[in-house]
Each structure stands twice: as C-alpha cells, then as structure tokens.
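These values consider heavy atoms only, across backbone and side chains, with no hydrogens, waters or symmetry-generated copies.
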Protein chains: 2
Amino acid sequence: MQTMTDLIHAPTPAEDPGIQATDRLARAGLRPTRQRVALAKLLFDGRDRHVTAEQLHGQASTADMRVSLATVYNTLHQFTEAGLLREVVVEAGRSYFDTNVSDHHHFFVEGSGHLLDIPGHALEVSGLPEAPAGTRVARVDVIIRLSAGG
Amino acid sequence: MQTMTDLIHAPTPAEDPGIQATDRLARAGLRPTRQRVALAKLLFDGRDRHVTAEQLHGQASTADMRVSLATVYNTLHQFTEAGLLREVVVEAGRSYFDTNVSDHHHFFVEGSGHLLDIPGHALEVSGLPEAPAGTRVARVDVIIRLSAGG
DNA sequence: ATAGTTGCAAAAGTTTTGCATTGTA
DNA sequence: TACAATGCAAAACTTTTGCAACTAT
C-alpha cells in the first residue's frame, strides 16, 4: 500500500517506517509490541487516513499480519488516548479513526461512507454559547454531511 | 411522566395526546398503529426530547406498553424518515433521536451522555468550503463536546 | 527473573432482517 | 376477502471485557 512512498525516497533510518513507528509509540508512552508496531506502520504511512477497525483489520490480514479484530479495537483506542489518533463519530454503530490529530473538521459522504478532512483554519464557528455550569468545552466537531448529486 | 402537563390543562380534543399523536402520524403518511401511536405519545409530549431506543423502550415498559426493542428501533427510523425525528450521532454505538427537527446544534456532555439543544440562530458556521464535485451539502452538524469540571 | 502489560476468546451490546401475523380498505 | 404493511424473534453486526500468556526492563 505504501509502495509509492517507498519508491519515491528510499527509507533512511529516520524515515524507515519500522523505526518511525517504534519511535512514535515510545514517545507516546506505549510499549512497542509487535502488533502495535505493525498497526502503526499501516496507519502512519505519511498520508492522512480515516479507517474503521474492520478496515484496518482487513488491511492487516492482507499484509499477512496475524492480529485479532479485538486487538485492533483496543489498539485504536490506546492510540487515541495517547493522542496519536482522533476518533470521529459520524454514523451510528461505526467509529472512524483519523491519523490527522490537528484541529480540523470533516466532510462525510453519506452512502459511500467516505470521510474527508477540512483544514481547521478554513472553517470558523462563531457565536458559541457558554458551556453549561460545571462543564467546559472539550472539543467542537463540525460535520458537513454530503449526499450524492450535484 | 407527563403527569404535570396533564394536570395543568385538561386535554381538549386538539391537545389530547392520543388525537395529537394519531394526527401527527397521519400527516406524516404513517399508519396509526397501536405501537406507533403509543410511542408517538411518549415522544411528542410537548417537550424537546433526546432519547435512545433503549430509553424509549424502557419508558414504554414502565407505562405498561408491550413493544419489542426491535419495533422501537424500526419505529424511530420510520419517524426519522418521515421527518418527525432527527437522528443525532455523537457516541460510537449509540444513536439519539431528537424530537426537535428544526435547524439547531448540540451540546454533548461526555460521561453523563446528556444531549442539549443549542438554538440554531445563536451559532454560526462561516467559511464553509465548497462541497466536492458530484455532492451537495445535506446538513451541517455542530457538536460541542463538554466534559465535567469548570 | 518478573511484574506490569498485552492480546484475544468469549461476552455484551446495539441494530437489522425475515416472515408469520395483523389490520385496513 | 385480499393484500400490503407491521411487529417481533432471531440473526448479524460492532464493541468491550477477563484473564492466560507474553515481553520489555
């Protein structure tokens, strides 16, 4: 899958996906176990990705990695808690995980189930009401739902 | 649950929850079956409500109505398609249904799972990017996620 | 070595179908 | 009487735990 990138510049120690993944995990305070490193390699290939647990599990299987779906779920949540991923909820009964953890919002194409990033600065939310007493704003999510057809 | 309302003004034909519910269903092109009328009475009691399927099923059971959870799900989706409800997705693996179908956004209190309406006009989203080719904007959802703690 | 951590099987939820039954015209 | 539409049991999902096994120090 990351063949393109691999061909464009040969991996140097700093860019080698293996080392990069291991490093990234270490910095996030997560033990670089085999499954985690493998999944991190798939996830952090340089592109921004939006994956469901099932998709990632499928990709792992295709790449001849033996990981159970449960582990994929657990790993995705651990990565999310560690700040390596961002969970995006747009559809009932399905979670997406976004490798782009910077402040930004999303297009969601209903039907196809595709999720697209919108750069954070392009879109602004004004007139935010005060948070109810005893709470504080953790995050503001904007989801622009799209349907097929001009 | 709607005891207060019942006591404050005795139901006139126009306000009687039974007639109101039946009417509402008829107008939406849905057959006023026993289960639908019963659920509509619970849902459209005058207040804005945010319920999960499970909550509504529990409320129905408490009120001695015999409805299966599957029927509650199906009914909620039928109501949503008919425009009587709005589905709000904020948490993985749980759908909320909102009796307020006007244009508005939501506070979501993480932890407690409470959902609160934000009037539509108070909040504005500017700088909306163009919809990708071949798609059109179906809806813009803004969710302000709150956590406990001032 | 070993103690905390992980990974997965099994369980727990949530949601969706298939079809006998119902209710309406 | 017919026949489209309903309501629910059962099935199909997605997601979460509990604990044996592992592995990084």
Side-chain angles (χ1 to χ4, degrees), chain A residues 18-19 21-43 50-61 65-82 84-85 87-97 110-111 113 115, chain B residues 21-22 25-26 28-43 50-61 64-82 84-85 87-97 110-111 113 115:
Chain A
I19 290 175
T22 305
D23 225 46
R24 199 186 281 258
L25 293 179
R27 275 180 223 163
L30 294 169
R31 275 201 203 173
T33 64
R34 187 152 35 71
Q35 279 85 342
R36 282 181 178 174
V37 173
L39 293 176
K41 277 189 202 174
L42 292 179
L43 285 169
H50 301 94
V51 292
T52 63
E54 181 119 16
Q55 281 165 8
L56 185 59
H57 182 244
Q59 203 184 344
S61 298
M65 298 169 179
R66 225 166 303 150
V67 201
S68 77
L69 185 55
T71 294
V72 172
Y73 270 103
N74 289 340
T75 303
L76 285 172
H77 283 134
Q78 287 155 0
F79 283 12
T80 301
E81 266 172 51
L84 299 177
L85 292 175
E87 188 171 0
V88 184
V89 181
V90 284
E91 257 184 329
R94 177 163 296 151
S95 285
Y96 287 79
F97 293 86
E110 291 176 337
L115 207 54
Chain B
T22 306
L25 294 179
L30 293 169
R31 274 203 204 170
T33 65
R34 189 151 35 70
Q35 278 84 342
R36 282 180 178 172
V37 172
L39 294 176
K41 277 188 201 176
L42 292 178
L43 285 168
H50 301 95
V51 293
T52 63
E54 181 117 20
Q55 281 165 8
L56 185 59
H57 182 244
Q59 203 185 343
S61 298
D64 278 328
M65 297 170 181
R66 227 166 301 151
V67 200
S68 77
L69 184 55
T71 295
V72 172
Y73 270 103
N74 289 341
T75 302
L76 286 171
H77 284 133
Q78 286 156 1
F79 283 12
T80 300
E81 267 171 52
L84 299 178
L85 293 174
E87 189 171 358
V88 185
V89 181
V90 285
E91 256 185 328
R94 177 162 297 152
S95 285
Y96 287 80
F97 293 86
E110 291 174 337
L115 204 56

Is the phosphate of dT16(C), meaning OP1 or OP2, less than 4.0 Å from a side-chain N or O of His77(B)? yes
Of dC8(C), dC8(D), dT14(D), the nucleotide closest to the side chain of Glu54(A) is dT14(D)
By nearest-nucleotide position on DNA chain D, the 5'-leaning member of Ser68(B) and Ala92(B) is Ser68(B)
Glu81(A) has an atom CD; how far is it from atom P of dT5(C), in whole Å? 13 Å
Is Ser95(A) close enough to dT15(D) that one of its side-chain N or O atoms is under 4.0 Å from OP1 or OP2 there? yes
Which whole-number value in Å describes the distance from Asn74(A) CG to dA10(C) P? 16 Å
Give a yes/no on whether any side-chain N or O of Arg34(B) is located under 4.0 angstrom from OP1 or OP2 of dG23(C). yes
To the nearest Å, how far apart are Tyr73(A) OH and dC13(D) C1'? 9 Å
Report the distance from atom NE2 of His57(A) to atom C1' of dT16(D), rounded to the nearest whole Å. 16 Å
Separation of atom CG in Leu69(B) from atom P in dT15(C), rounded to whole Å: 9 Å
Over how many whole Å does the gap from Arg31(B) atom CZ to dG23(C) atom P extend? 10 Å
Nearest heavy-atom pair of Thr22(A) and Pro32(A): which atoms, and what distance? CG2-CB, 3.8 Å
Pick the closest DNA chain D nucleotide for Gly93(B) and for Gln78(B) by heavy atoms, then say which residue is nearer the 5' end. Gln78(B)
Would Phe97(A) and His77(A) count as a ring pair (Phe, Tyr, Trp, His ring centres under 6.0 Å) here? Give the steps. CA-CA 9 Å; Phe97(A) 293 86; His77(A) 283 134; 5.6 Å; yes
With rounding to the nearest 0.5 angstrom, report the CG to CG distance, Leu84(B) to Leu39(B). 12.0 Å
Quick one: Arg36(B) CZ to dT22(C) P, roughly how many Å, whole number? 17 Å
Verify the contact: side-chain N or O of Thr71(A) to OP1 or OP2 of dG7(C), cut-off strictly under 4.0 Å; return yes or no. no
Taking only the side-chain nitrogens and oxygens of Thr33(A), find out if one of them lies under 4.0 Å from OP1 or OP2 of dG7(C). yes
Within this structure, what is the CD-to-P distance between Gln35(A) and dA24(D), rounded to whole angstrom? 10 Å
Please answer whether the main-chain N or O of Arg31(A) pairs with a side-chain N or O of Arg36(A) as donor and acceptor at a distance below 3.5 Å. yes
